[in-house]
Amino acid sequence: MEKPKNCVLIIFGASGDLTERKLVPALFELRNQNLLPDNFMILGTGRTKLDDFQFREKMKNSLIANSVDKLTENKFSSKISDEFLQNMFYHSIDPKSQDDYLLLKKRIEMLSLEQKDGSNYIFYLATPPILYGIIAANIGAVGLNDQSGGYHKLIIEKPFGYDLESAIELNKKLHGVFIEDQIYRIDHYLGKETVQNLLVTRFSNGIFEPLWNRNFVHHVEITSAESLGVENRGGYYDSAGALRDMVQNHLLQLVGLTAMEPPSSFDSNSIRNETMKVFQALRHIPENEVGKFVIRGQYTASKVRGESIAGYREEKGVGSDSRTETYVAIKFFIDNWRWGGVPFYIRTGKRLPTRVTEIVIHFKSTPHNIFAKESECFRGNQLVIRIQPDEGILLKFGMKIPGTGFNVKSVNMDFHYSDLSNVHVPSAYERLLYDAMIGDSTLYTRGDSVEAAWKFVAPIQNAWKNNPAIKVYGYPAGSWGPEDADSLIEGDNLTWRYPCKNLSDDGAYCEL
Ligand code: BG6
């Protein structure tokens with residue numbers, strides 16, 4: 001594996017949750033794999049007043065709590081950990097104050113003095129989104145965007161904008177300071193190993209491509225379910241909702257990779273051009289049809305496995321009359337030659353029965369079923385690409401039940417990542433941080449495709465805003481969402497797959 005050039009990673013919002021739970025543990029794991037540059041420094045910044053020692057202590061505690069291998073104090077006091085922590089620094093700033101950036105610049109320059117590969121900087125914005133434009137402008141104002149002495153990159157967390165207009169506005173602001181190649185927009189789903197494997201499954205196996213189109217695929221179903229509620233993020237979530245929080249980014253990225261044409265080569269622009277074409281071909285749902293094609297819901301109080309679960313409106317930070325959706329299901333089409341007429345059904349929600357993300361390709365049935373009388377259990381071939389948990393792939397096909405007659409049963413052919421022993425499956429942030437360091441933006445979203453995704457979502461947002469008569473259906477916490485979402489798919493004589501924790505099970509035999 002390529003070793004990245006020496007660099008300084010400057011984290012804005014370094015005293016926040018994301019830094020502690022995701023970024024620093026991922027960087028530590030990269031250090032353990034020897035995939036960080038030889039000379040790598042982290043400079044945390046934020047309004048909280050901390051000195052280097054306090055910051056290191058805070059990061060050490062969070063590493064012990066959050067590291068992939070659940071480090072013990074013992075393992076942690078190794079040489080690697082000491083060296084990792086010694087290369088962490090902290091500089092307190094008010095991110096809105098331009099004056100503070102002059103001192104910040106000096107500090108960064110001091111840290112990079114020892115680096116032999118030039119002054120390479122990565123700025124990671126782990127702050128509230130409202131600050132993205134301001135921080136970028138202030139970085140530019142003190143010349144920290146200038147790449148004459150080394151590369152200077154900006155990594156930006158989602159949400160990227162609040163709607164189409166704000167995303168365009170943010171892109172404009174960023175492009176006023178950085179060129180597109182310097183900007184790395186995170187969608188952590190693209191960092192998931194199984195999401196990347198979707199590309200490998202499709203484009204390294206000759207058997208799928210001939211079937212991967214309207215001639216053989218009946219419909220595509222994508223589910224991203226969570227069993228947790230909004231936890232302590234009620235304040236943020238109530239102004240976002242599932243459409244902005246999950247659909248505009250993670251789910252549409254999965255749609256893009258599932259539906260894209262084979263790229264001519266495996267480089268970031270070829271891949272991203274192809275997903276962009278999918279976004280451009282998404283048939284926008286007219287505002288007056290949103291009620292028919294989009295179902296939104298909100299979880300209500302319920303008992304799940306004996307435990308009382310609060311309804312969404314009782315969550316901290318959520319208004320008691322909130323109409324924010326915690327569940328969305330959408331039926332839509334992709335208007336191109338490959339997918340013309342094939343319905344895509346996507347759904348996501350909080351407080352569903354289990355945490356599962358998967359893509360299901362439902363193939364068309366045989367043109368004439370000669371075993372129809374005895375085959376009630378078999379509904380056609382399905383290819384299930386499981387993103388999480390029990391990561392893997394499953395093909396469902398019909399097989400004769402041994403014995404008299406010709407009874408056909410659905411059986412599984414499956415592969416589980418857990419069967420690969422001794423293979424380290426990197427976390428999404430490990431992969432994405434490493435890629436940014438080596439300058440590979442394949443798994444980051446490009447400005448134009450973020451805007452194209454917002455364009456698809458915009459009529460839904462507008463319809464909900466302009467037409468309060470479109471219902472927010474309640475669904476009991478722990479259920480599979482509103483019944484009307486079942487009707488969305490059942491109206492086409494289909495049903496959702498009811499996935500379980502284990503890839504091979506579904507429906508009635510579920511371990512959740
Ligand atoms: C985040 C959303 O982007 O993705 C969260 O803001 C959601 O609301 C999370 O819980 C889901 O990510 P994962 O990796 O747990 O599927």
Side-chain angles (χ1 to χ4, degrees), residues 13 16-23 25-26 29 66 68 124-130 132 155-162 167 184-198 222-255 257 296-299 312 315-318 322 324-328 346-359 385-391 417 425-433 443-445 450 453-454 457 477 481 499 501 503 512:
D17 207 39
L18 181 76
T19 307
E20 290 195 24
R21 281 193 312 112
K22 301 283 186 195
L23 304 184
E29 200 47 48
N66 295 308
V68 189
Y124 197 118
L125 307 195
T127 62
I130 187 99
Y132 293 165
I155 305 185
I156 191 160
E157 265 293 329
K158 78 163 253 283
F160 194 89
Y162 184 77
Y184 289 68
R185 295 175 194 76
I186 286 234
D187 183 312
H188 80 275
Y189 265 52
L190 294 179
K192 289 181 190 279
E193 190 62 37
T194 39
V195 173
Q196 293 149 37
N197 193 41
L198 178 53
I222 300 181
T223 296
S224 186
E226 292 181 86
S227 50
L228 292 177
V230 290
E231 304 294 288
N232 50 8
R233 297 165 71 225
Y236 149 75
Y237 195 89
D238 207 38
S239 62
L243 186 69
R244 288 190 182 95
D245 187 51
M246 292 292 291
V247 175
Q248 186 276 337
N249 34 70
H250 307 324
L251 262 76
L252 287 183
Q253 289 300 330
L254 295 182
V255 170
L257 296 178
R296 59 175 165 169
Q298 191 186 75
Y299 60 84
Y312 176 68
E315 301 276 16
K316 204 168 140 231
V318 174
S322 169
T324 299
E325 76 289 355
T326 59
Y327 176 99
V328 191
I346 62 176
R347 62 178 169 165
T348 183
K350 298 219 181 261
R351 286 280 183 227
L352 299 186
T354 188
R355 174 176 182 256
V356 62
T357 300
E358 64 178 28
I359 299 160
I385 299 167
R386 178 58 78 87
I387 308 298
Q388 63 193 21
D390 192 10
E391 292 79 2
Y417 270 67
V425 180
S427 72
Y429 279 94
E430 268 172 75
R431 174 66 199 241
L432 292 171
L433 285 163
L443 302 175
Y444 284 87
T445 50
V450 172
W454 277 117
V457 162
K501 194 159 119 195
L503 168 61
L512 297 170

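As the structure lists them, so they are numbered: ligands from 1, and atoms in each ligand from 1. For the numbers below, each heavy atom of this structure counts, side chains included, while hydrogens, waters and symmetry mates do not.
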>> Between Leu254 and Thr357, is there a side-chain heavy-atom distance shorter than 4.5 Å?
In response: yes
>> So if I apply the ring-ring contact (aromatic ring centres under 6.0 Å, His included) rule between Tyr444 and each of Tyr189, Tyr184, Phe160, which one comes out positive?
In response: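 Of Tyr189, Tyr184, Phe160, ring-ring contact (aromatic ring centres under 6.0 Å, His included) with Tyr444 is met by Tyr184 alone.
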Contacts table for residues 243-250: side-chain donor-acceptor under 3.5 angstrom, sequence neighbours left out:
residue	atom	partner	partner atom	Å
Arg244	NE	Tyr162	O	2.7
Arg244	NH1	Ser239	O	3.3
Arg244	NH1	Ala240	O	3.1
Asp245	OD1	Lys158	NZ	3.2
Asp245	OD1	Tyr236	OH	2.6
Gln248	NE2	Val450	O	3.4
Asn249	ND2	Arg244	O	2.9
His250	ND1	Asp187	OD1	2.7
His250	ND1	Asp187	OD2	3.4

>> Could you check whether any side-chain N or O of Gln298 sits under 3.5 Å from a backbone N or O of Ser322, counting only pairs where one atom can act as donor and the other as acceptor?
In response: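 It does hold such a pair.
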> Between the main-chain N or O of Thr127 and the side-chain N or O of Glu157, is there a donor-acceptor pair closer than 3.5 Å?
Replying inline: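 Side chain of Glu157 to backbone of Thr127, a donor-acceptor pair under 3.5 Å: no, none is there.
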>> Before you tell me yes or no, could you show the steps for Arg347 and Thr223 under side chain to side chain donor-acceptor pair (under 3.5 Å), namely the whole-Å CA-CA distance, both residues' side-chain angles and the distance that decides it to 0.1 Å?
In response: CA-CA 5 Å; Arg347 62 178 169 165; Thr223 296; 2.9 Å; yes
>> Counting only heavy atoms and a distance below 4.0 Å, can you name the residues contacting ligand 1?
In response: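 Those residues closer than 4.0 Å to ligand 1 by some heavy atom are Lys158, His188, Tyr189, Lys192, Glu226, Arg233, Asp245, Met246, His250, Lys350, Arg355, Gln388.
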